[in-house]
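Okay, so here's the structure we're looking at.
When a ligand or atom number is given, it counts from 1 through the structure's own listing order.
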Amino acid sequence: MSLFSLHGQVAIITGGNGGIGYAMAEALGENGATVVIAGRNKEKNNNSLNTLKEKNIISAAFEVDVNDENSCNELINRTKETYGKIDILVNNAGTNIRKRPENYELKEWTSIINTNLISMFICSKACFSSFSANGKGKIINIGSMHSIFASPVGSAYAASKGGVVQLTKSFANAWAKDNIQVNAILPGYIDTEMTRKARHDIPELEKRVEERTPVGHWGKPKDLGGAAVFLACSASDFITGAAIPVDGGYSING
Ligand code: NDP
């Protein structure tokens, strides 16, 4: 079997019903994985599931709120009941509210930390017993350029995404002997619903990103597919605790 094949593997992608999450789900599915997409919005779940099925990808969509531990546990249990096991967890669900620090309400701040960071702990912990039983597992956490850089109007987002890198290293270290590899992808600026709103809120953002990105343009969700497949397959078995920028060079520009 090819180093990069995912045949027989079962993958869960939180926030897999749109944007980057959907593109990664499709890439994993096209390389042979069975994929479970998990989002809150039923219509987005159904539409994305239909597209996956049109591509002959074995797939399911479950309605899940990653802020709710019971909902995450149900996702893991339903996946095991439906497909017998879990091999790959992609912690992708994310959100942002752009404000200066002094203007955040506490509940806004905590909702961002909960969705972007604490959900990774909940879902990863919930998968651990399945990974242990299989003798292997892959976790892919989605960070951001704000895992590295500051954001004056996104301090909660930057704090959560900085935390993603440390969570990734810590889980990687803890679970290395269990043959569970935990890595992060740090996407650059990608054209999705989330960044369409950002470009609306910050009109100069579009051009600023283009000018700073060495390849000269924004990324597309599909640009994340290759890194997701690599970190999910056996070709990356000796890589753990890494945070890989997929950013058209944005992070190497001073
Ligand atoms: P989208 O807004 O298109 O997607 C966000 C996804 O997260 C949706 O599928 C949404 O599903 C899901 N989601 C949000 N909250 C919850 C929740 N409480 N429970 C379950 N699912 C939830 O944005 P992107 O595709 O851009 O973002 C995907 C990830 O990539 C995020 O972690 C984001 O921070 C990160 N990222 C994005 C970048 C970009 O430039 N676009 C750059 C760097 C990182 P639903 O609507 O059904 O709730």
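Applying the salt bridge (Lys or Arg N to Asp or Glu O under 4.0 Å) test to pairs two or more places apart or on separate chains, those with a residue in residues 226-241 are K138-D237.
Here M145 has no heavy atoms under 4.0 Å from ligand 1, in either its backbone or its side chain. When heavy-atom distances to ligand 1 are checked against a 4.0 Å cut-off, N116 has no atom that comes that close, whether in backbone or side chain. Under 4.0 angstrom from ligand 1, the non-hydrogen atoms of I20 come from both its backbone and its side chain. Only the side chain of K161 comes within 4.0 Å of ligand 1, counting heavy atoms alone; its backbone N, CA, C and O stay farther away.
Annotation: Y189 places no N or O atom under 3.5 Å from an N or O atom of ligand 1; distance criterion only. Polar contact check, T192 against ligand 1: a nitrogen or oxygen pair lies under 3.5 Å apart. Of the polar atoms of I142, none of the N or O atoms is found under 3.5 Å from an N or O of ligand 1, judged by distance alone. Of the N or O atoms in G15, one or more lie within a sub-3.5 Å distance of an N or O in ligand 1. Considering backbone and side-chain atoms alike, I190 places an N or O below 3.5 Å from some N or O of ligand 1. Considering backbone and side-chain atoms together, P187 places no N or O closer than 3.5 Å to any N or O of ligand 1. Note: no N/O pair closer than 3.5 Å links T115 and ligand 1 by distance alone. At least one N/O-N/O distance between N92 and ligand 1 falls below 3.5 Å. Between N17 and ligand 1, a contact under 3.5 Å exists for at least one N or O pair.
The shortest separation from a heavy atom of N67 to ligand 1 is under 4.0 Å, placing the residue in contact. Distances shorter than 4.0 angstrom occur between a heavy atom of G143 and an atom of ligand 1. At a 4.0 Å cut-off, at least one heavy atom of Y157 sits close enough to ligand 1 to count as contact. Using a non-hydrogen distance threshold of 4.0 Å, V64 registers as a contact of ligand 1. Ligand 1 has at least one atom lying under 4.0 Å from a heavy atom of G188.
Those atoms of ligand 1 that come under 4.0 Å of a heavy atom in G94, given as number and element, are 5 (C), 7 (O), 14 (C), 31 (C), 32 (O). Those atoms of ligand 1 that come under 4.0 Å of a heavy atom in G39, given as number and element, are 21 (N), 47 (O). Shown in contact with G19 at under 4.0 Å from a heavy atom are these atoms of ligand 1, numbered in order with element: 3 (O), 25 (O). Near T195, meaning under 4.0 Å from any of its heavy atoms, are these atoms of ligand 1: 39 (C), 40 (O), 41 (N).
The environment of E204 atom CD is dense: over 12 non-hydrogen atoms of other residues, nucleotides or ligands sit within 6.0 angstrom. When the shell of 6.0 Å around CD1 of I202 is examined, it contains more than 12 heavy atoms from other residues, nucleotides or ligands.
One distance of note links CG of L49 with CD of E54; it measures 10.0 Å at 0.5 Å rounding. In this structure, CZ on F62 lies 8.5 Å from CD1 on I12, to the nearest 0.5 angstrom.
Regarding atom 19 (N) of ligand 1, its nearest protein heavy-atom neighbour is V66 N, 2.9 Å. Protein heavy atom nearest atom 15 (N) of ligand 1, with residue, atom name and distance: R40 NH2, 3.2 Å. The protein heavy-atom contact nearest to atom 18 (N) of ligand 1 is D65 OD1, 2.9 Å. For atom 21 (N) of ligand 1, the nearest non-hydrogen atom of the protein is A93 CB, 3.7 Å.
Under the 4.5 Å side-chain criterion, counting only non-hydrogen atoms from C-beta, I13 is not in contact with Y22. When side chains are defined from C-beta on, W175 does not count as touching T240, because their heavy atoms never get closer than 4.5 Å. Using a 4.5 Å cut-off on side-chain heavy atoms (C-beta onward), V36 and L75 make contact.
A salt bridge links E108 with K99: the distance from a Lys NZ or Arg NE/NH1/NH2 to an Asp or Glu carboxylate oxygen falls below 4.0 Å. Ionic pairing of D201 and R98 is present here: one or more N-O contacts between side-chain nitrogen and carboxylate oxygen are shorter than 4.0 angstrom. Between K107 and E105, none of the side-chain N atoms (NZ, or NE/NH1/NH2) sits under 4.0 Å from a carboxylate O, so this pair counts as no salt bridge. For the pair K136 and D178, the salt-bridge criterion is not met [side-chain N within less than 4.0 Å of a carboxylate O]. Ion pairing between E211 and K207 holds under the 4.0 Å rule for side-chain N and carboxylate O.
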Show every donor-acceptor pair shorter than 3.5 Å between a side-chain atom in residues 241-254 and any protein atom, with sequence neighbours excluded, or say none if there are none.
residue, atom, partner, partner atom, Å
D247, OD1, G249, N, 2.9
D247, OD2, Y250, N, 3.4
D247, OD2, S251, N, 2.7
D247, OD2, S251, OG, 2.6
N253, ND2, R212, O, 2.6

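Taking each of M194, K42, M24 in turn, the one with a heavy atom nearest to atom 2 (O) of ligand 1 proves to be M194. Considering each of M120, K44, R196, K220, the one bringing a non-hydrogen atom nearest atom 46 (O) of ligand 1 is K44.
A donor atom on one side chain and an acceptor atom on the other are found under 3.5 Å apart for T115 and N67. Of the N and O atoms on the side chains of N116 and S160, at least one donor lies less than 3.5 Å from an acceptor on the other residue.
When distances from atom 4 (O) of ligand 1 to the protein are checked, no heavy atom turns up under 4.0 Å.
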